[in-house]
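Please read the structure below before turning to the comments.
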Amino acid sequence: MRILIIGEGGRESALAAKLQKDVRVTKMFFANGNASTDAIGQNVHMSEIKELRDFAIKEKVDLTIVGPEAPLVAGLKDEFKKHDLKVFGPNQKVASLEGSKAFSKKFMQTYDIKTAKAVVFDSYNEAKDYVQNHEYPLVIKASGLAGGKGVVICDTVEEAEATIHDFMIRRLYGDAGIRLVIEEFLQGFEASIIAFSNGEKLFPCIPVKDYKKAGNGDKGPNTGGMGSVAPSPEFTAEHSADFEKNILAPTITGLKAEGFSFKGIIFFGLMVTKNGTYLLEYNMRFGDPETQVLMALMENNLLDVITDCMNGKDIDLKFKDEKAVCLVMCSGGYPRNIELGFEIVGEDKVKHSQLLYAGAIKKGDKVVSNGGRVLNIIATGANYDEARKKVYEDALPVQFDYSFYREDIGKF
């Protein structure tokens, strides 16, 4: 099989590393890829959907796997389908469950999916009026895609007004913030559950804990994810039963009722409170850095899982009875002003972990930083402490100028 993977982060590196073990995979292409995928297959530099379509036709690509959300929301699946090109991912309409928080919130409310109370606003003045007498904290979300950064928890009315102004007037995230979702704040811990879809049923993976804040102790700005642990140590059997009854089952009902059949991934971003498990958001693709720990623990052949889903077959997901920890090493200034172009050294000294590049590219015979989240270090162990020890020992010799990472991944 000839496979095209779209994306350039650690998630795509993890998928590629898993797939390269399969002898049926004869060639992998990556758009745009990174230093890890460059060593596994061929990086191709293109991002326009028509360019990707033409490339897939020319290179006789058998399967395309989409990592990030933007191509799906832009309609890549729809365009590829016109040319009988197979894509593991939803069409543009279904991808709106991620692409529009207003659309997904309405879907949740329509099908009684357990979620925070929320109101959608298109009017700047109405949004400002709404927050004047609201109970704080509250959450303000840009409805469109904002790279995982368009969510602000506001503790005061002044913060809420400033956020509304940033999103709707300053257009901090472009058109993503011209429509807002303002919802109640839920106190608890987050968990991520990624599920495979075969067009009829959803098959959840083990739950993952993702570390969103840039600094130790969950301080600092939100990021795309500073690390992850699987399975989530906090997510109990009781939480799982609540998720299945009040989120998973009604989601399946809603997808069928709306005619949203798709072969791909649906990601449930959850908040677990003293009142149970709530759905924060849907993503319609693999998560990052959740995918890294899931691939480290998955016993199944990934190509078999994807192929069975594409063919509408049921799957039986199996994961090792171990723990996995992923540490994300970042560029100075991330997630705001990012320093780029620094040589990465010490990778050859990683002994007990898997090193996957994310925002890093080959430059001659060197690897240099090329993004905010530069590389991932992933390890498994019989317990969290064992996996964590491997990761942090292996992180020490890996260096580039202005690099930083959290020191508490896996400490919970």
Side-chain angles (χ1 to χ4, degrees), residues 5 7-20 28 30 32-41 43 67-68 147-148 208 210-216 223-230 286-296 324-380 387-410:
I5 297 180
E8 54 201 46
R11 161 185 53 210
E12 288 74 30
S13 296
L15 295 172
K18 185 80 169 171
L19 288 167
Q20 75 168 336
M28 276 193 275
F30 305 92
N32 288 285
N34 56 47
S36 281
T37 61
D38 193 38
I40 292 171
N43 288 351
V208 179
D210 175 21
Y211 295 75
K212 289 281 198 306
K213 298 284 189 178
N216 295 333
T223 72
M226 297 294 295
S228 55
V229 173
F286 289 101
D288 188 342
E290 292 90 349
T291 300
Q292 288 86 314
V293 285
L294 289 177
M295 291 301 106
V325 173
C326 172
L327 176 69
V328 178
M329 194 173 290
C330 299
S331 292
Y334 178 75
R336 297 192 175 106
N337 301 312
I338 301 167
E339 304 278 355
L340 304 178
F342 299 111
E343 182 183 1
I344 302 164
V345 298
E347 306 99 312
D348 57 321
K349 295 182 173 64
V350 172
K351 303 298 183 187
H352 309 291
S353 310
Q354 179 185 38
L355 187 149
L356 296 174
Y357 291 112
I361 57 171
K362 286 291 292 294
K363 199 169 186 180
D365 59 353
K366 299 176 180 178
V367 177
V368 300
S369 61
N370 190 49
R373 294 188 292 172
V374 175
L375 59 89
N376 306 149
I377 299 176
I378 306 111
T380 60
R388 187 175 184 281
K389 184 180 178 184
K390 290 178 185 177
V391 160
Y392 278 98
E393 281 185 3
D394 282 333
L396 286 175
V398 181
Q399 297 180 358
F400 55 94
D401 288 351
Y402 306 109
S403 65
F404 78 98
Y405 52 82
R406 279 183 57 163
E407 297 168 345
D408 58 352
I409 306 300

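- Between A16 and T37, the closest heavy-atom pair is CB-CG2, 4.5 Å.
- With sequence neighbours excluded, no residue satisfies side-chain hydrogen bond (donor to acceptor under 3.5 Å, both in side chains) with D38.
- Remark: side-chain polar atoms of N34 are paired, donor with acceptor, to backbone N or O of E8 under 3.5 angstrom.
- The closest side-chain heavy-atom distance from K213 to R406 is below 4.5 Å.
- Applying the 6.0 Å contact sphere to CG of N337 captures no more than 12 heavy atoms from other residues, nucleotides or ligands.
- In this structure, the side chain of T223 does not engage the main chain of A214 through any donor-acceptor pair within 3.5 Å.
- With Y357 contributing its side chain and G33 its backbone, the two residues share no donor-acceptor pair below 3.5 Å.
- In this structure, D401 and E339 have side chains that are not in contact, with every pair of non-hydrogen atoms separated by 4.5 Å or more.
- Residues N376 and S13 bring no donor and acceptor atom of their side chains to less than 3.5 Å of each other.
- Side-chain contact between C330 and M226 is present, with at least one heavy-atom pair separated by less than 4.5 Å.
- Remark: E407 pairs with N216 by the side chain to side chain contact (heavy atoms under 4.5 Å, CB included) rule, at least two apart or across chains.
- Between L375 and V367, every side-chain heavy-atom pair lies at or beyond the 4.5 Å cut-off.
- With hydrogens and angles ignored, the 3.5 Å screen pairs no side-chain donor or acceptor of N32 with any backbone N or O of N43.
- Side chains of V325 and V293 form no contact here, defined as non-hydrogen atoms less than 4.5 Å apart.
- Legend: ring pair (Phe, Tyr, Trp, His ring centres under 6.0 Å) pairs involving residues 326-350, not counting sequence neighbours, sorted by first then second residue: F342-Y402.
- Looking at residues two or more places apart in sequence or on another chain, you find a side chain to side chain contact (heavy atoms under 4.5 Å, CB included) between D288 and R11, Q292, R373.
- Listed by chain and residue number, D394 satisfy the side-chain hydrogen bond (donor to acceptor under 3.5 Å, both in side chains) test with S353 (two or more places apart in sequence, or in another chain).
- In this view, N370 satisfies the side-chain hydrogen bond (donor to acceptor under 3.5 Å, both in side chains) rule with no residue, not counting sequence neighbours.
- S369 places no side-chain N or O within 3.5 Å of a backbone atom of V374 that could act as its donor or acceptor partner.
- What you find for V208 and A230 is that their closest heavy atoms are CG2-CB, 4.1 Å.
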